[in-house]
Amino acid sequence: MADAGGIPTHVSVQPDDFDIGEEIERLARGNRDIGAVVSFTGLVREMTTDGEISAMELEHWPGMTEKALSDIAREATARWPLDGVRIIHRHGKLEPGDKIVLVLTASRHRAAAFEAAEFLMDYLKTRAPFWKKEHSARGGRWVDARECDDAAADRWSGQD
Amino acid sequence: MADAGGIPTHVSVQPDDFDIGEEIERLARGNRDIGAVVSFTGLVREMTTDGEISAMELEHWPGMTEKALSDIAREATARWPLDGVRIIHRHGKLEPGDKIVLVLTASRHRAAAFEAAEFLMDYLKTRAPFWKKEHSARGGRWVDARECDDAAADRWSGQD
Amino acid sequence: MQVLYFAWMRERVGAASEEIDPEGAKTARELVERLCARDERYALAFSELASVRVAVDQEMADLDASIAGAREIAFFPPVTGG
Amino acid sequence: MQVLYFAWMRERVGAASEEIDPEGAKTARELVERLCARDERYALAFSELASVRVAVDQEMADLDASIAGAREIAFFPPVTGG
(Lines give C-alpha, C1' and ligand atoms only; values in the text may rest on other atoms or scores of the structure.)
Protein backbone atom coordinates (compact mmCIF):
# COMPACT_ATOMS: atom_id res chain seq x y z
CA MET A 1 0.00 0.00 0.00
CA ALA A 2 1.77 3.12 -1.22
CA ASP A 3 0.65 6.59 -0.36
CA ALA A 4 0.49 9.33 -2.98
CA GLY A 5 -0.09 12.59 -1.14
CA GLY A 6 -2.24 10.80 1.43
CA ILE A 7 -4.31 8.99 -1.18
CA PRO A 8 -4.28 5.20 -0.91
CA THR A 9 -2.78 3.74 -4.08
CA HIS A 10 -2.01 0.06 -4.44
CA VAL A 11 -0.52 -1.69 -7.44
CA SER A 12 0.06 -5.41 -8.02
CA VAL A 13 1.72 -7.41 -10.77
CA GLN A 14 0.75 -11.03 -10.34
CA PRO A 15 0.05 -14.27 -12.23
CA ASP A 16 -3.09 -14.92 -10.17
CA ASP A 17 -6.68 -13.97 -10.90
CA PHE A 18 -8.40 -11.35 -8.76
CA ASP A 19 -11.87 -10.69 -7.33
CA ILE A 20 -13.21 -7.38 -8.67
CA GLY A 21 -16.00 -7.03 -6.11
CA GLU A 22 -13.61 -7.63 -3.23
CA GLU A 23 -11.14 -5.09 -4.60
CA ILE A 24 -13.86 -2.44 -4.91
CA GLU A 25 -15.11 -3.13 -1.37
CA ARG A 26 -11.56 -2.86 -0.03
CA LEU A 27 -10.93 0.45 -1.81
CA ALA A 28 -14.17 2.04 -0.58
CA ARG A 29 -14.11 0.58 2.92
CA GLY A 30 -13.48 3.02 5.74
CA ASN A 31 -13.95 6.16 3.65
CA ARG A 32 -17.55 7.29 3.59
CA ASP A 33 -16.73 10.35 1.51
CA ILE A 34 -16.30 8.23 -1.60
CA GLY A 35 -19.32 8.75 -3.81
CA ALA A 36 -18.07 7.04 -6.97
CA VAL A 37 -15.95 4.03 -7.86
CA VAL A 38 -15.13 3.29 -11.50
CA SER A 39 -13.61 -0.02 -12.54
CA PHE A 40 -12.07 -1.09 -15.81
CA THR A 41 -11.55 -4.79 -16.40
CA GLY A 42 -9.60 -5.97 -19.43
CA LEU A 43 -10.27 -9.51 -20.66
CA VAL A 44 -8.54 -11.84 -23.12
CA ARG A 45 -10.60 -11.88 -26.33
CA GLU A 46 -10.85 -15.13 -28.24
CA MET A 47 -11.12 -13.52 -31.66
CA THR A 48 -8.30 -11.28 -32.77
CA THR A 49 -7.60 -9.60 -36.10
CA ASP A 50 -5.62 -12.72 -36.98
CA GLY A 51 -8.22 -15.30 -36.02
CA GLU A 52 -9.04 -17.36 -32.99
CA ILE A 53 -6.48 -17.66 -30.22
CA SER A 54 -6.13 -20.45 -27.68
CA ALA A 55 -3.98 -18.58 -25.16
CA MET A 56 -2.21 -15.32 -24.45
CA GLU A 57 1.16 -14.97 -22.80
CA LEU A 58 2.00 -11.78 -20.95
CA GLU A 59 5.67 -11.01 -20.47
CA HIS A 60 6.72 -8.18 -18.18
CA TRP A 61 9.85 -6.60 -16.74
CA PRO A 62 10.18 -7.78 -13.14
CA GLY A 63 11.50 -5.06 -10.87
CA MET A 64 10.44 -2.34 -13.29
CA THR A 65 6.73 -3.01 -13.83
CA GLU A 66 5.50 -2.16 -10.33
CA LYS A 67 7.49 1.07 -10.41
CA ALA A 68 5.89 1.99 -13.75
CA LEU A 69 2.40 1.24 -12.41
CA SER A 70 3.07 3.25 -9.24
CA ASP A 71 4.28 6.20 -11.33
CA ILE A 72 1.13 6.05 -13.44
CA ALA A 73 -1.08 5.85 -10.33
CA ARG A 74 0.72 8.79 -8.72
CA GLU A 75 0.26 10.86 -11.87
CA ALA A 76 -3.49 10.20 -11.74
CA THR A 77 -3.76 11.24 -8.08
CA ALA A 78 -1.91 14.46 -8.91
CA ARG A 79 -4.30 15.31 -11.74
CA TRP A 80 -7.68 14.38 -10.27
CA PRO A 81 -9.25 14.68 -6.80
CA LEU A 82 -9.14 10.95 -6.07
CA ASP A 83 -9.70 9.06 -2.84
CA GLY A 84 -8.06 5.86 -3.99
CA VAL A 85 -6.42 4.05 -6.93
CA ARG A 86 -5.94 0.32 -7.43
CA ILE A 87 -4.16 -1.33 -10.35
CA ILE A 88 -3.75 -5.09 -10.81
CA HIS A 89 -2.01 -6.42 -13.92
CA ARG A 90 -1.54 -10.11 -14.51
CA HIS A 91 1.37 -11.78 -16.28
CA GLY A 92 2.00 -15.32 -17.46
CA LYS A 93 -0.24 -17.56 -19.53
CA LEU A 94 -3.92 -16.59 -19.82
CA GLU A 95 -6.87 -18.03 -21.71
CA PRO A 96 -9.73 -16.37 -23.61
CA GLY A 97 -12.20 -14.92 -21.12
CA ASP A 98 -9.52 -14.50 -18.43
CA LYS A 99 -9.08 -11.14 -16.78
CA ILE A 100 -5.85 -9.33 -17.66
CA VAL A 101 -6.03 -6.00 -15.89
CA LEU A 102 -8.08 -4.14 -13.31
CA VAL A 103 -8.05 -0.39 -12.75
CA LEU A 104 -10.10 1.15 -9.94
CA THR A 105 -10.55 4.82 -9.15
CA ALA A 106 -12.50 6.21 -6.21
CA SER A 107 -13.58 9.82 -5.85
CA ARG A 108 -16.24 12.07 -4.42
CA HIS A 109 -17.32 12.92 -7.93
CA ARG A 110 -18.07 10.67 -10.84
CA ALA A 111 -16.40 12.78 -13.55
CA ALA A 112 -13.02 12.57 -11.79
CA ALA A 113 -13.35 8.81 -11.27
CA PHE A 114 -14.24 8.22 -14.94
CA GLU A 115 -11.51 10.47 -16.36
CA ALA A 116 -8.81 9.08 -14.09
CA ALA A 117 -9.71 5.49 -14.99
CA GLU A 118 -9.52 6.30 -18.72
CA PHE A 119 -6.22 8.08 -18.20
CA LEU A 120 -4.79 5.12 -16.28
CA MET A 121 -5.81 2.66 -19.00
CA ASP A 122 -4.41 4.86 -21.80
CA TYR A 123 -1.10 5.14 -19.94
CA LEU A 124 -0.97 1.46 -19.01
CA LYS A 125 -1.37 0.60 -22.70
CA THR A 126 1.54 2.81 -23.74
CA ARG A 127 3.90 3.01 -20.76
CA ALA A 128 3.74 -0.16 -18.66
CA PRO A 129 6.37 -2.76 -19.64
CA PHE A 130 4.12 -5.64 -20.72
CA TRP A 131 4.21 -7.55 -23.97
CA LYS A 132 1.48 -9.85 -25.24
CA LYS A 133 2.01 -12.99 -27.28
CA GLU A 134 -1.01 -14.69 -28.79
CA HIS A 135 -1.08 -18.42 -29.33
CA SER A 136 -3.24 -19.97 -32.03
CA ALA A 137 -3.29 -23.09 -34.19
CA ARG A 138 -0.76 -21.30 -36.39
CA GLY A 139 1.72 -20.79 -33.55
CA GLY A 140 2.76 -17.83 -31.42
CA ARG A 141 2.63 -14.19 -32.50
CA TRP A 142 3.69 -11.06 -30.61
CA VAL A 143 0.96 -8.45 -30.57
CA ASP A 144 1.84 -5.21 -32.34
CA ALA A 145 1.46 -1.91 -30.52
CA ARG A 146 -1.55 -0.04 -31.83
CA GLU A 147 -1.18 3.52 -33.01
CA CYS A 148 -4.64 4.37 -31.70
CA ASP A 149 -3.41 3.54 -28.20
CA ASP A 150 -0.62 6.09 -28.61
CA ALA A 151 -3.15 8.62 -29.85
CA ALA A 152 -5.39 7.90 -26.86
CA ALA A 153 -2.50 8.42 -24.44
CA ASP A 154 -1.41 11.61 -26.23
CA ARG A 155 -4.73 13.31 -25.56
CA TRP A 156 -3.77 13.72 -21.89
CA SER A 157 -0.43 15.40 -22.48
CA GLY A 158 -1.85 18.81 -23.38
CA GLN A 159 -3.75 19.11 -20.11
CA ASP A 160 -2.83 20.99 -16.95
CA MET B 1 -33.23 -9.99 -19.45
CA ALA B 2 -34.31 -7.67 -22.23
CA ASP B 3 -32.73 -7.68 -25.64
CA ALA B 4 -31.77 -4.49 -27.42
CA GLY B 5 -30.89 -5.45 -30.97
CA GLY B 6 -29.43 -8.74 -29.77
CA ILE B 7 -27.36 -7.11 -27.02
CA PRO B 8 -28.06 -8.42 -23.52
CA THR B 9 -29.37 -5.58 -21.36
CA HIS B 10 -30.69 -6.14 -17.88
CA VAL B 11 -32.07 -3.54 -15.48
CA SER B 12 -33.18 -3.95 -11.86
CA VAL B 13 -34.80 -1.63 -9.34
CA GLN B 14 -34.52 -3.21 -5.92
CA PRO B 15 -34.13 -2.45 -2.21
CA ASP B 16 -31.41 -5.10 -1.85
CA ASP B 17 -27.66 -4.74 -2.10
CA PHE B 18 -25.79 -6.32 -5.01
CA ASP B 19 -22.47 -8.06 -5.65
CA ILE B 20 -20.44 -6.09 -8.22
CA GLY B 21 -17.97 -8.89 -8.97
CA GLU B 22 -20.76 -11.38 -9.57
CA GLU B 23 -22.58 -8.96 -11.85
CA ILE B 24 -19.45 -8.38 -13.92
CA GLU B 25 -18.77 -12.13 -14.20
CA ARG B 26 -22.36 -12.73 -15.30
CA LEU B 27 -22.20 -10.00 -17.95
CA ALA B 28 -18.94 -11.26 -19.43
CA ARG B 29 -19.68 -14.97 -19.14
CA GLY B 30 -20.23 -16.85 -22.36
CA ASN B 31 -18.99 -14.07 -24.63
CA ARG B 32 -15.27 -14.32 -25.26
CA ASP B 33 -15.31 -11.34 -27.60
CA ILE B 34 -15.70 -8.92 -24.71
CA GLY B 35 -12.39 -7.18 -24.16
CA ALA B 36 -13.49 -4.47 -21.75
CA VAL B 37 -15.96 -4.12 -18.90
CA VAL B 38 -16.44 -0.76 -17.21
CA SER B 39 -18.36 -0.44 -13.96
CA PHE B 40 -19.63 2.60 -12.14
CA THR B 41 -20.68 2.22 -8.52
CA GLY B 42 -22.41 5.07 -6.72
CA LEU B 43 -22.19 5.13 -2.92
CA VAL B 44 -23.96 7.08 -0.19
CA ARG B 45 -21.57 9.77 1.09
CA GLU B 46 -21.60 10.63 4.75
CA MET B 47 -20.65 14.28 4.28
CA THR B 48 -22.89 16.42 2.14
CA THR B 49 -22.88 20.15 1.48
CA ASP B 50 -25.24 20.45 4.45
CA GLY B 51 -23.24 18.38 6.93
CA GLU B 52 -23.13 14.79 8.05
CA ILE B 53 -26.04 12.52 7.22
CA SER B 54 -27.15 9.38 9.04
CA ALA B 55 -29.26 7.87 6.27
CA MET B 56 -30.56 8.41 2.76
CA GLU B 57 -34.01 7.51 1.54
CA LEU B 58 -34.55 6.80 -2.14
CA GLU B 59 -38.06 7.17 -3.47
CA HIS B 60 -38.91 5.99 -6.96
CA TRP B 61 -41.91 5.61 -9.26
CA PRO B 62 -42.87 1.93 -9.25
CA GLY B 63 -44.01 0.79 -12.67
CA MET B 64 -42.19 3.63 -14.40
CA THR B 65 -38.61 3.34 -13.18
CA GLU B 66 -37.71 0.06 -14.88
CA LYS B 67 -39.12 1.37 -18.16
CA ALA B 68 -36.97 4.52 -17.83
CA LEU B 69 -33.85 2.46 -17.10
CA SER B 70 -34.55 0.14 -20.06
CA ASP B 71 -35.00 3.14 -22.36
CA ILE B 72 -31.67 4.57 -21.20
CA ALA B 73 -29.94 1.20 -21.68
CA ARG B 74 -31.41 0.81 -25.16
CA GLU B 75 -30.24 4.28 -26.13
CA ALA B 76 -26.68 3.35 -25.08
CA THR B 77 -26.69 0.15 -27.13
CA ALA B 78 -27.88 2.15 -30.16
CA ARG B 79 -25.04 4.67 -29.80
CA TRP B 80 -22.06 2.44 -28.97
CA PRO B 81 -20.91 -1.03 -30.10
CA LEU B 82 -21.71 -2.74 -26.81
CA ASP B 83 -21.87 -6.43 -25.92
CA GLY B 84 -23.87 -5.95 -22.74
CA VAL B 85 -25.40 -3.42 -20.37
CA ARG B 86 -26.42 -3.91 -16.75
CA ILE B 87 -28.10 -1.31 -14.51
CA ILE B 88 -29.06 -1.85 -10.87
CA HIS B 89 -30.59 1.00 -8.88
CA ARG B 90 -31.61 0.59 -5.27
CA HIS B 91 -34.50 2.28 -3.50
CA GLY B 92 -35.57 2.51 0.13
CA LYS B 93 -33.48 3.45 3.13
CA LEU B 94 -29.67 3.40 2.76
CA GLU B 95 -26.78 4.30 5.03
CA PRO B 96 -23.48 6.08 4.39
CA GLY B 97 -21.13 3.72 2.55
CA ASP B 98 -24.02 1.74 1.03
CA LYS B 99 -24.11 1.19 -2.70
CA ILE B 100 -26.87 3.07 -4.55
CA VAL B 101 -26.35 2.31 -8.20
CA LEU B 102 -24.35 0.05 -10.49
CA VAL B 103 -23.83 0.57 -14.21
CA LEU B 104 -21.91 -2.00 -16.26
CA THR B 105 -20.95 -1.78 -19.91
CA ALA B 106 -19.18 -4.49 -21.88
CA SER B 107 -17.58 -4.00 -25.27
CA ARG B 108 -14.78 -5.16 -27.52
CA HIS B 109 -13.14 -1.79 -27.12
CA ARG B 110 -12.44 0.22 -24.01
CA ALA B 111 -13.39 3.64 -25.40
CA ALA B 112 -16.94 2.46 -26.15
CA ALA B 113 -17.30 0.87 -22.71
CA PHE B 114 -16.08 4.03 -20.94
CA GLU B 115 -18.21 6.45 -22.97
CA ALA B 116 -21.36 4.37 -22.68
CA ALA B 117 -20.96 4.06 -18.90
CA GLU B 118 -20.56 7.84 -18.55
CA PHE B 119 -23.55 8.42 -20.79
CA LEU B 120 -25.69 6.02 -18.75
CA MET B 121 -24.77 7.72 -15.48
CA ASP B 122 -25.42 11.21 -16.88
CA TYR B 123 -28.84 10.10 -18.11
CA LEU B 124 -29.70 8.21 -14.93
CA LYS B 125 -29.01 11.37 -12.93
CA THR B 126 -31.35 13.48 -15.05
CA ARG B 127 -34.00 11.11 -16.43
CA ALA B 128 -34.63 8.20 -14.06
CA PRO B 129 -37.50 8.84 -11.60
CA PHE B 130 -35.63 8.67 -8.29
CA TRP B 131 -35.63 11.23 -5.50
CA LYS B 132 -33.17 11.31 -2.62
CA LYS B 133 -33.95 12.45 0.91
CA GLU B 134 -31.09 12.90 3.33
CA HIS B 135 -31.57 12.35 7.03
CA SER B 136 -29.37 14.11 9.58
CA ALA B 137 -29.56 15.27 13.19
CA ARG B 138 -31.47 18.28 11.86
CA GLY B 139 -34.17 16.15 10.22
CA GLY B 140 -34.96 15.13 6.65
CA ARG B 141 -34.10 17.15 3.55
CA TRP B 142 -34.87 16.42 -0.08
CA VAL B 143 -31.77 16.65 -2.26
CA ASP B 144 -31.89 19.39 -4.90
CA ALA B 145 -31.21 18.52 -8.52
CA ARG B 146 -27.79 19.77 -9.58
CA GLU B 147 -27.43 21.95 -12.63
CA CYS B 148 -24.07 20.39 -13.42
CA ASP B 149 -25.84 17.03 -13.83
CA ASP B 150 -28.11 18.59 -16.45
CA ALA B 151 -25.08 20.06 -18.18
CA ALA B 152 -23.36 16.66 -18.13
CA ALA B 153 -26.41 15.00 -19.70
CA ASP B 154 -26.74 17.75 -22.30
CA ARG B 155 -23.28 17.07 -23.72
CA TRP B 156 -24.58 13.85 -25.32
CA SER B 157 -27.52 15.44 -27.15
CA GLY B 158 -25.46 16.98 -29.94
CA GLN B 159 -23.95 13.63 -30.93
CA ASP B 160 -25.05 11.29 -33.69
CA MET C 1 -58.24 10.97 -13.44
CA GLN C 2 -55.47 9.55 -11.26
CA VAL C 3 -52.95 12.12 -10.03
CA LEU C 4 -49.57 11.06 -8.60
CA TYR C 5 -47.13 13.08 -6.48
CA PHE C 6 -43.54 12.26 -5.60
CA ALA C 7 -40.90 13.34 -3.05
CA TRP C 8 -41.61 16.70 -1.33
CA MET C 9 -44.69 17.25 -3.49
CA ARG C 10 -46.15 14.02 -2.13
CA GLU C 11 -45.32 15.12 1.41
CA ARG C 12 -46.93 18.54 0.94
CA VAL C 13 -50.06 17.17 -0.69
CA GLY C 14 -50.20 14.45 1.94
CA ALA C 15 -50.93 11.67 -0.57
CA ALA C 16 -48.96 9.60 -3.09
CA SER C 17 -51.94 9.41 -5.44
CA GLU C 18 -55.57 10.40 -5.56
CA GLU C 19 -58.54 10.31 -7.92
CA ILE C 20 -59.18 13.90 -9.05
CA ASP C 21 -62.06 15.43 -11.00
CA PRO C 22 -60.26 17.77 -13.44
CA GLU C 23 -63.30 20.09 -13.44
CA GLY C 24 -62.85 20.83 -17.13
CA ALA C 25 -59.08 21.57 -16.91
CA LYS C 26 -57.63 21.23 -20.43
CA THR C 27 -53.93 21.39 -19.50
CA ALA C 28 -51.76 20.35 -16.55
CA ARG C 29 -51.38 24.04 -15.68
CA GLU C 30 -55.15 24.47 -15.49
CA LEU C 31 -55.37 21.36 -13.31
CA VAL C 32 -52.75 22.85 -10.96
CA GLU C 33 -54.74 26.11 -10.77
CA ARG C 34 -57.94 24.24 -9.83
CA LEU C 35 -56.08 22.21 -7.18
CA CYS C 36 -54.42 25.26 -5.64
CA ALA C 37 -57.82 27.00 -5.38
CA ARG C 38 -59.19 23.91 -3.65
CA ASP C 39 -56.77 23.52 -0.73
CA GLU C 40 -53.72 25.15 0.88
CA ARG C 41 -51.84 21.82 0.67
CA TYR C 42 -51.77 22.07 -3.13
CA ALA C 43 -50.77 25.74 -3.06
CA LEU C 44 -47.79 24.66 -0.94
CA ALA C 45 -46.93 21.66 -3.13
CA PHE C 46 -47.03 23.74 -6.34
CA SER C 47 -45.44 26.91 -4.92
CA GLU C 48 -42.21 26.23 -6.88
CA LEU C 49 -44.05 25.68 -10.14
CA ALA C 50 -41.03 26.39 -12.36
CA SER C 51 -39.29 23.30 -11.01
CA VAL C 52 -42.33 20.99 -11.13
CA ARG C 53 -42.12 18.22 -13.71
CA VAL C 54 -45.20 16.66 -15.34
CA ALA C 55 -45.82 13.28 -16.94
CA VAL C 56 -49.09 12.55 -18.75
CA ASP C 57 -49.83 8.83 -18.96
CA GLN C 58 -46.18 8.14 -18.10
CA GLU C 59 -44.79 10.40 -20.85
CA MET C 60 -42.88 13.55 -19.92
CA ALA C 61 -44.98 16.57 -20.83
CA ASP C 62 -45.13 20.33 -20.60
CA LEU C 63 -47.38 22.12 -18.08
CA ASP C 64 -49.31 23.48 -21.05
CA ALA C 65 -49.72 20.15 -22.83
CA SER C 66 -53.26 18.85 -23.21
CA ILE C 67 -54.51 16.41 -20.60
CA ALA C 68 -57.71 15.59 -22.49
CA GLY C 69 -58.46 11.88 -22.18
CA ALA C 70 -55.47 11.23 -19.90
CA ARG C 71 -55.88 8.57 -17.23
CA GLU C 72 -52.85 9.51 -15.13
CA ILE C 73 -51.04 12.78 -14.43
CA ALA C 74 -47.84 12.69 -12.35
CA PHE C 75 -46.26 15.72 -10.69
CA PHE C 76 -42.74 15.60 -9.29
CA PRO C 77 -39.60 17.66 -8.56
CA PRO C 78 -36.50 17.27 -10.74
CA VAL C 79 -35.12 13.76 -10.32
CA THR C 80 -32.03 13.16 -8.18
CA GLY C 81 -31.16 9.49 -8.71
CA GLY C 82 -27.93 7.88 -9.82
CA MET D 1 27.20 -3.72 -18.47
CA GLN D 2 24.04 -5.75 -18.15
CA VAL D 3 21.85 -5.80 -21.27
CA LEU D 4 18.20 -6.91 -21.13
CA TYR D 5 15.89 -7.96 -23.98
CA PHE D 6 12.13 -8.43 -23.93
CA ALA D 7 9.46 -10.12 -26.05
CA TRP D 8 10.47 -10.89 -29.63
CA MET D 9 13.85 -9.20 -29.12
CA ARG D 10 14.55 -11.63 -26.29
CA GLU D 11 13.54 -14.53 -28.52
CA ARG D 12 15.74 -13.38 -31.42
CA VAL D 13 18.78 -12.74 -29.25
CA GLY D 14 18.14 -16.01 -27.44
CA ALA D 15 18.69 -14.53 -23.97
CA ALA D 16 16.70 -12.42 -21.50
CA SER D 17 19.87 -10.75 -20.22
CA GLU D 18 23.60 -10.93 -20.65
CA GLU D 19 26.78 -9.21 -19.52
CA ILE D 20 28.14 -7.22 -22.46
CA ASP D 21 31.41 -5.40 -22.96
CA PRO D 22 30.31 -2.14 -24.64
CA GLU D 23 33.69 -1.98 -26.43
CA GLY D 24 33.77 1.79 -26.05
CA ALA D 25 30.22 2.39 -27.33
CA LYS D 26 29.12 5.85 -26.13
CA THR D 27 25.43 5.62 -27.04
CA ALA D 28 22.79 2.88 -27.21
CA ARG D 29 22.92 3.18 -31.00
CA GLU D 30 26.69 2.51 -31.00
CA LEU D 31 26.12 -0.47 -28.70
CA VAL D 32 23.54 -1.84 -31.14
CA GLU D 33 26.01 -1.42 -34.02
CA ARG D 34 28.72 -3.35 -32.14
CA LEU D 35 26.23 -6.14 -31.24
CA CYS D 36 24.94 -6.45 -34.81
CA ALA D 37 28.50 -6.75 -36.10
CA ARG D 38 29.14 -9.46 -33.53
CA ASP D 39 26.39 -11.96 -34.38
CA GLU D 40 23.50 -12.57 -36.77
CA ARG D 41 21.13 -13.00 -33.80
CA TYR D 42 21.55 -9.33 -32.91
CA ALA D 43 21.16 -8.19 -36.50
CA LEU D 44 17.84 -10.02 -36.52
CA ALA D 45 16.73 -8.64 -33.11
CA PHE D 46 17.57 -5.06 -34.11
CA SER D 47 16.35 -5.24 -37.71
CA GLU D 48 13.33 -3.07 -36.89
CA LEU D 49 15.41 -0.42 -35.16
CA ALA D 50 12.82 2.35 -35.53
CA SER D 51 10.47 0.47 -33.25
CA VAL D 52 13.07 -0.54 -30.65
CA ARG D 53 12.69 1.15 -27.25
CA VAL D 54 15.64 1.75 -24.91
CA ALA D 55 15.86 2.20 -21.15
CA VAL D 56 19.15 3.19 -19.51
CA ASP D 57 19.27 2.22 -15.83
CA GLN D 58 15.48 1.81 -15.92
CA GLU D 59 14.82 5.25 -17.39
CA MET D 60 13.36 5.58 -20.88
CA ALA D 61 16.03 6.97 -23.19
CA ASP D 62 16.78 7.79 -26.78
CA LEU D 63 18.97 5.56 -28.95
CA ASP D 64 21.43 8.43 -29.10
CA ALA D 65 21.50 9.10 -25.37
CA SER D 66 24.77 8.53 -23.58
CA ILE D 67 25.30 5.15 -21.92
CA ALA D 68 28.51 6.20 -20.17
CA GLY D 69 28.59 4.76 -16.66
CA ALA D 70 25.31 2.90 -17.11
CA ARG D 71 24.94 -0.44 -15.38
CA GLU D 72 21.89 -1.67 -17.27
CA ILE D 73 20.59 -1.15 -20.80
CA ALA D 74 17.20 -2.62 -21.74
CA PHE D 75 15.97 -3.09 -25.31
CA PHE D 76 12.34 -3.87 -26.05
CA PRO D 77 9.56 -3.49 -28.61
CA PRO D 78 6.70 -1.03 -27.97
CA VAL D 79 4.71 -2.21 -24.96
CA THR D 80 1.33 -3.90 -25.43
CA GLY D 81 -0.06 -4.29 -21.94
CA GLY D 82 -3.35 -3.19 -20.46
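Bear in mind the structure is a predicted one, so any value in this text is a computation, not a measurement. Residue numbering restarts at 1 for every chain, and letters A, B, ... go by the order of the sequence lines.
Of the two parts of A:His91, neither the backbone nor the side chain holds a non-hydrogen atom closer than 4.5 Å to a non-hydrogen atom of chain D. With a 4.5 Å cut-off on non-hydrogen atoms, A:Asp149 does not touch chain D at all. Only the backbone of A:Arg127 comes within less than 4.5 Å of a heavy atom of chain D; no side-chain atom from C-beta onward does.
Counting only N and O atoms by type, the side chains of A:Thr65 and A:His60 include a donor and acceptor under 3.5 Å apart. The closest side-chain donor-acceptor pair between A:Arg86 and A:Ser39, if any, does not fall under 3.5 angstrom.
Using a cut-off of 4.0 Å between Lys/Arg side-chain N and Asp/Glu carboxylate O, A:Glu118 and A:Arg155 are scored as salt-bridged. In summary, A:Glu59 and A:Lys132 do not engage in a salt bridge, as defined by a charged side-chain N under 4.0 Å from a carboxylate O. Between A:Glu52 and A:Arg45, none of the side-chain N atoms (NZ, or NE/NH1/NH2) sits under 4.0 Å from a carboxylate O, so this pair counts as no salt bridge. The pair A:Arg74-A:Asp71 meets the salt-bridge criterion, with a side-chain N (NZ, NE, NH1 or NH2) lying under 4.0 Å from an Asp/Glu carboxylate O. A salt bridge between A:Glu115 and A:Arg110 is absent, with no side-chain N of the basic residue lying under 4.0 Å from a carboxylate O of the acidic one. Salt-bridge check for D:Arg29 with D:Glu33: failed, with every basic side-chain N at 4.0 Å or more from each acidic carboxylate O.
Within residues 51-61 of chain D, the residues having any heavy atom less than 4.5 Å from a heavy atom of chain A are, in residue-number order, D:Ala55, D:Gln58, D:Glu59. Inspection of non-hydrogen atoms places A:Ile100, A:Val101 of residues 93-106 of chain A under 4.5 Å from chain D.
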For salt bridge (charged side-chain N to carboxylate O under 4.0 Å, His left out), just list the numbers for A:Arg90 and A:Asp16, CA-CA rounded to whole Å, side-chain angles, deciding distance to a tenth of an Å, and then say yes or no. CA-CA 7 Å; A:Arg90 293 176 71 186; A:Asp16 303 324; over 6 Å; no

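In this structure, A:Ala153 and A:Asp122 approach most closely via the heavy-atom pair CB-O, 3.7 Å.
Heavy-atom pairs under 4.5 Å with chain A peak, among D:Pro78, D:Ala74, D:Pro77, at D:Pro77.
Exactly one residue among A:Phe130, A:Trp61, A:Trp142 makes a ring pair (Phe, Tyr, Trp, His ring centres under 6.0 Å) with D:Phe6. That residue is A:Trp61.
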